[in-house]
Amino acid sequence: MPELPEVELAAAIARRVAVGRTITSVTVRHPAQRRALPARDARSLRGERVIAVERRGKAQHFRLASGRDLCVHFRMTGDWLLPGPGPLPPAVRVVITLDDGARLALDDPRALSVVSLCAPGTGASLGPDALDPALTAGHLAQALASRRIPIKVALLNQAVIAGIGNIYASEALWRARIDPRIPAKRIPPARLADLLRAIRATLNAALRRQERYFGQNSAAADAGRFAVYDREGERCRRCGGRIKRITQAARSTYFCDKCQGR
DNA sequence: CGCGACCTGCAT
DNA sequence: ATGCAGGTCGCG
C-alpha cells in the first residue's frame, strides 16, 4: 500500500522503533532480497546505531551513526510489521532487530521491495517531495515545460515530483478537474497551481485517513476512500458523470470525462 | 516512448 | 487458466 501517505506512516513507525537504538541483527529471508542486501552487508549492520529515519518520496532512509544509509523502498506491496513473539508471518522478507529486543519486519508478499545500503547521493534523480513546502507551482511548470507526455504520466515520474503513485495521480487530477490525457506542457500556470494544491490536499487527506484508521482493515476505512480510483462505471460524486478507465503507460487511469476539463 | 521483467496473490 | 495489482528499471 505504498504511496507517499502510506510510506510517511510507515516511516513514523520505523522512527519510533529504531531511532536511537542499535541494530543487533538484520536477517534476510528471501533470495530476491538477498540480491539487494547480500549477507555481508546485512552482517555489517550489526552494532550500527540509527540516528534518524527520513522519507523522501516513497523511499525511507535509515541514517546510521557510521554515515551509511540503509534505504528501504516498499515498491508495490511492502509494509512494516511489528511481529510479536513466535513464528514470523510467511511474507516477512527482512527482519531488523534492535538492542531493546524490538523487531521491525519488512512484510511483502510480492517480494519486490528493496532494502539496501545505498551510496550517498543516491536519489539525486528524485524530484522535490510532493509535500515539501518549498515546492512551488513554478518549479512544477519548469519541470513540465518540455514534456508532452500526458499529465498523469508526468505525475508518476519521480524525477518531476516525488511521492505520487498511480492512485493519487488519478485522485489529484480529479480534484483539480484536469483531464489526465492533457500533455503536461500544455497546462497553464494557474492550472498547475491548482494541481499542486490538489496534490497536497489529496495526500494530506490520505495521511489523515491513515492515522484515523491506523491498523484497521474495516469497510469503514475503505468507504469513500477514492473519488475515482478503481471506480470504473460508477458515478462521479461531484457531477454524477460516469467514471472512465483508460490505460496510460501500461497503467490504469481513472477519471470523470464530464467534469475533468476538455 | 511502450513494454517486459522483477515476484506473488487474488479475483474472474 | 488468465489477467491484474498502490513501483521502478532497463530494453528495444
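Only this structure's heavy atoms are used, side chains among them; waters, hydrogens and symmetry mates stay out. Predicted model, so just to flag it, every value in this text is computed and none were measured.
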When rounded to whole Å, the NZ to P distance for the pair A/K152 and C/dG7 reads 9 Å

Atom CG of A/D79 and atom C1' of C/dG7: how far apart are they, to the nearest Å?
15 Å

Here the distance between atom C1' of C/dG6 and atom CD1 of A/I167, to the nearest Å, is 4 Å

Within the pair A/S252 and C/dA5, is there a side-chain N or O less than 4.0 Å away from OP1 or OP2?
yes

Indicate whether OP1 or OP2 belonging to C/dG7 is found under 4.0 Å from a side-chain N or O atom of A/H73.
no

Using atom CG of A/D230 as one end and atom P of B/dC10 as the other, report the distance to the nearest whole Å.
16 Å

Between C/dG6, C/dG7, B/dT8, spot the one nearest the side chain of A/E6, thanks.
C/dG6

Dot-bracket for DNA chain C, 5' to 3', counting Watson-Crick or G-U wobble pairs under 3.5 Å, with [ ] for crossing pairs and | for inter-strand pairs?
|||||.||||||

Round to the nearest Å and state the distance from A/L155 atom CG to C/dG7 atom C1'.
15 Å

Could you check whether any side-chain N or O of A/Q158 sits under 3.5 Å from a backbone N or O of A/G163, counting only pairs where one atom can act as donor and the other as acceptor?
yes

Step through it carefully: locate the ring centre of A/W80, locate the ring centre of A/F74, and say whether they are under 6.0 Å apart.
yes

So what does A/A250 hit on the nucleic acid, given a heavy-atom distance under 4.0 Å: a base, only sugar-phosphate, or nothing?
nothing

Distance test, side-chain N/O of A/Q158 to OP1/OP2 of C/dG7, below 4.0 Å:
no

Give a yes/no on whether any side-chain N or O of A/Y168 is located under 4.0 angstrom from OP1 or OP2 of C/dG6.
no

Roughly how many Å apart are B/dT12 and C/dG6, using the P atom of each and rounding to a whole number?
16 Å

Verify the contact: side-chain N or O of A/R251 to OP1 or OP2 of C/dG6, cut-off strictly under 4.0 Å; return yes or no.
yes

Can you tell me how far P of C/dG7 sits from CD of A/Q248, to the nearest Å?
14 Å

Looking at A/K58, I'd like to know whether one of its side-chain N or O atoms comes within less than 4.0 Å of OP1 or OP2 on C/dG6.
no

Say we look at B/dC10 and C/dT8: how far apart would their P atoms be, to the nearest angstrom?
23 Å

Under 4.0 Å: is that the gap between some side-chain N or O of A/R110 and OP1 or OP2 of B/dC6?
no

If we ignore hydrogens and angles and just use 3.5 Å, is the side chain of A/N204 paired with the main-chain N or O of A/R200 as donor and acceptor?
yes

Could you state the atom-to-atom distance from CG of A/D108 to P of C/dA5 in whole Å?
17 Å

Distance check needed: B/dC10 P versus A/M76 CE, whole Å only.
15 Å

As an exercise, state the distance from NZ of A/K244 to CD of A/E234, rounded to the nearest 0.5 Å.
13.0 Å

Okay, side chain of A/R93, backbone of A/A105: is any donor-acceptor separation there less than 3.5 Å?
no

Counting the atoms with a prime plus P, OP1 and OP2 as sugar-phosphate, which does A/Y229 contact under 4.0 Å by heavy atoms, base, sugar-phosphate, or nothing?
sugar-phosphate

So, the side chain of A/Q260 versus the backbone of A/F255: is there a donor-acceptor pair under 3.5 Å, distance only?
no

Quiz item: A/E3 side-chain donor-acceptor pair to C/dG7 base, under 3.5 Å
no

Only residue of A/R21, A/R43, A/R63, A/R68 satisfying salt bridge (charged side-chain N to carboxylate O under 4.0 Å, His left out) with A/E48 is A/R68

Minimum-distance pair of heavy atoms, taken over all atoms of A/L4 and A/A130:
CD1-CB, 4.1 Å

